[in-house]
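Below, read A as the first sequence line, B as the second, and so on, with proteins coming before strands; counting in each chain starts at 1.
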There are 2 protein chains.
Amino acid sequence: MTQPQPDPTEDPRLRFRILFGPDCYLGPGKADLLERIRETGSISAAGRSMSMSYKRAWLLVEEMNRMFRDPLVESTRGGSKGGGARLTATGEAVLDHYRALHRIMTDAGSNRIAALKAMLADMSDGK
Amino acid sequence: MTQPQPDPTEDPRLRFRILFGPDCYLGPGKADLLERIRETGSISAAGRSMSMSYKRAWLLVEEMNRMFRDPLVESTRGGSKGGGARLTATGEAVLDHYRALHRIMTDAGSNRIAALKAMLADMSDGK
DNA sequence: CTGCGATATGTTCTTGGAAACATATCTGAG
DNA sequence: CTCAGATATGTTTCCAAGAACATATCGCAG
């Protein structure tokens with residue numbers, strides 16, 4: 001099932017952003033944030049884990065919730081643990097699409113990317 | 001030969017950057033700059049045409065020339081028209097690879113991108 | 001009913017990156 | 001031999017994005 005997929009931190013790697021319109025885009029920052037919210041169950045913890053201020057994390061969440069028809073993140077205040085946040089089904093779907101796109105695009109472009117890499121200067125020469 | 005390719009300014013559009021290593025990446029800014037240098041034959045004119053300062057344009061050119069084994073842009077100083085710049089064969093190849101990647105990736109991801117677009121909020125509702 | 005821990009939101013402060021400015025240099029033309 | 005027009009490179013100025021700070025609110029636990 002899960003075939004060995006290339007380490008996304010390995011070096012020729014791809015970052016992309018989809019621009020749907022003015023002030024309406026989806027990029028690696030938002031995707032990572034979604035992933036960490038899913039993992040941590042908290043906007044603030046997600047932000048901390050990527051050394052992002054709570055303010056900025058909350059701002060991005062608000063932006064995402066406004067740009068899609070249904071919100072991607074649901075949050076609750078108060079309670080025994082103070083509150084929390086989790087991905088909605090839409091949020092899971094968006095994250096999934098983004099991750100899938102990364103795989104698909106990396107794969108489709110691997111030839112060209114390799115060709116570019118082959119043209120790079122050798123980093124290990126005398127400079 | 002040239003089949004009708006989608007207008008790259010039309011709305012769900014893609015921007016991407018390839019990270020080869022620290023301080024070693026290729027993105028839309030550098031690609032556009034290369035294209036305009038090819039068109040105008042001048043670094044300063046290319047910069048002006050995309051409202052970029054000459055300093056910045058020159059800096060990007062220097063960065064590109066250093067990161068690849070062979071320079072992408074050749075420039076001459078002095079002469080009847082003051083000087084100029086043009087793409088080397090390597091420069092043409094790099095630009096070509098980048099443009100090709102955009103087409104390939106957009107095509108390969110069209111399904112997922114369309115799916116995401118379908119989930120967007122309707123911009124024309126009462127807000 | 002008080003305190004805790006998280007969300008929610010506004011205000012102020014800081015800083016890195018780009019713009020703007022300033023020169024120096026090159027070379028063919030006249 | 002000077003001028004024009006472009007490259008080449010350093011210095012200063014500016015500004016907006018983000019960090020930092022400050023509160024307000026919520027709701028269960030105890």
With side chains defined as the heavy atoms from C-beta onward, is the minimum distance between [X] and [Y] less than 4.5 Å?
X: L116(A); Y: L101(B); result: yes
X: N65(A); Y: V61(A); result: yes
X: T88(A); Y: V73(A); result: no
X: M64(A); Y: V94(A); result: no

Can you measure from CE (M105(A)) to CG (L14(A)) and round to the nearest 0.5 angstrom?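 Between atom CE of M105(A) and atom CG of L14(A) there are 7.5 Å.
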From T106(A) atom OG1 to I113(A) atom CD1, the distance as rounded to the nearest 0.5 Å: 6.0 Å
Checking F16(A) now: which residues fulfil ring-ring contact (aromatic ring centres under 6.0 Å, His included) with it, not counting sequence neighbours?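 By the ring-ring contact (aromatic ring centres under 6.0 Å, His included) rule, F16(A) matches Y98(A).
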S53(A): side-chain contact (heavy atoms from CB on, under 4.5 Å) partners, not counting sequence neighbours: K55(A), R56(A)
Sequence neighbours excluded, the answer for side-chain hydrogen bond (donor to acceptor under 3.5 Å, both in side chains) partners of R112(A) is H97(B)
Is there a path of hydrophobic side-chain contacts, each under 4.5 Å between heavy atoms of I/L/V/M/F/W/Y residues, joining L60(B) to M119(A)?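 As far as the 4.5 Å side-chain criterion goes, L60(B) and M119(A) are connected within one cluster.
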Mind checking whether M52(B) and Y54(B) sit in one hydrophobic cluster, side chains of I, L, V, M, F, W, Y counted as touching below 4.5 Å? yes
Protein-nucleotides 11-19 of chain C N/O pairs under 3.5 Å:
residue	atom	partner	partner atom	Å
dT11(C)	O4	K55(A)	NZ	3.0

Near DNA chain D, which residues from residues 58-65 of chain B have a heavy atom under 4.0 Å away?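 Heavy-atom cutoff 4.0 Å gives W58(B).
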Determine which pairs satisfy salt bridge (charged side-chain N to carboxylate O under 4.0 Å, His left out) with at least one residue from residues 43-53 of chain B, sequence neighbours left out, and list them in order.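 Matches after skipping sequence neighbours: none remain.
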Going through the checks in order, is the side chain to side chain contact (heavy atoms under 4.5 Å, CB included) test met by L120(A) and R69(B)? CA-CA 5 Å; L120(A) 289 178; R69(B) 182 172 13 254; over 6 Å; no
Any residue of residues 35-45 of chain A with a heavy atom less than 4.0 Å from an atom of DNA chain C: S42(A), I43(A), S44(A)
At what angle, to 10 degrees, do the two end axes of the helix from dC1(C)-dG30(D) to dG30(C)-dC1(D) meet, given five pairs define each axis?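 Taking the rotation axis at each end, their angle is 10°.
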Considering only heavy atoms of chain B and a distance under 4.0 Å, specify the first and last nucleotide of DNA chain D in 5' to 3' order that meet this criterion. dG5(D) to dT11(D)
Protein-nucleic acid N or O pairs under 3.5 Å, nucleotides 25-30 of chain C:
residue	atom	partner	partner atom	Å
dC26(C)	O2	G78(B)	N	3.1
dT27(C)	O4'	G79(B)	N	3.4
dT27(C)	O2	G79(B)	N	3.3
dG28(C)	O4'	S80(B)	N	3.4

Quick one: side chains of residues 74-87 of chain B, donor-acceptor pairs under 3.5 Å with protein atoms, not counting sequence neighbours, listed by atom name and distance.
residue	atom	partner	partner atom	Å
E74(B)	OE1	R86(B)	NH2	2.9

Atom pairs and distances, donor-acceptor, side-chain atoms in residues 21-47 of chain A, under 3.5 Å, two or more places apart:
residue	atom	partner	partner atom	Å
K30(A)	NZ	Y25(A)	O	2.9
K30(A)	NZ	E63(A)	OE2	3.0
D32(A)	OD1	R99(A)	NH2	3.1
E35(A)	OE1	R99(A)	NE	2.9
E35(A)	OE1	R99(A)	NH2	3.0
R36(A)	NH1	S49(A)	O	3.0
R36(A)	NH1	S49(A)	OG	2.8
R38(A)	NH1	E92(A)	OE1	3.0
T40(A)	OG1	R36(A)	O	2.7
T40(A)	OG1	S42(A)	N	3.3
T40(A)	OG1	S42(A)	O	3.0
S42(A)	OG	S44(A)	N	3.2
S42(A)	OG	S44(A)	OG	3.1
S42(A)	OG	A45(A)	N	2.9

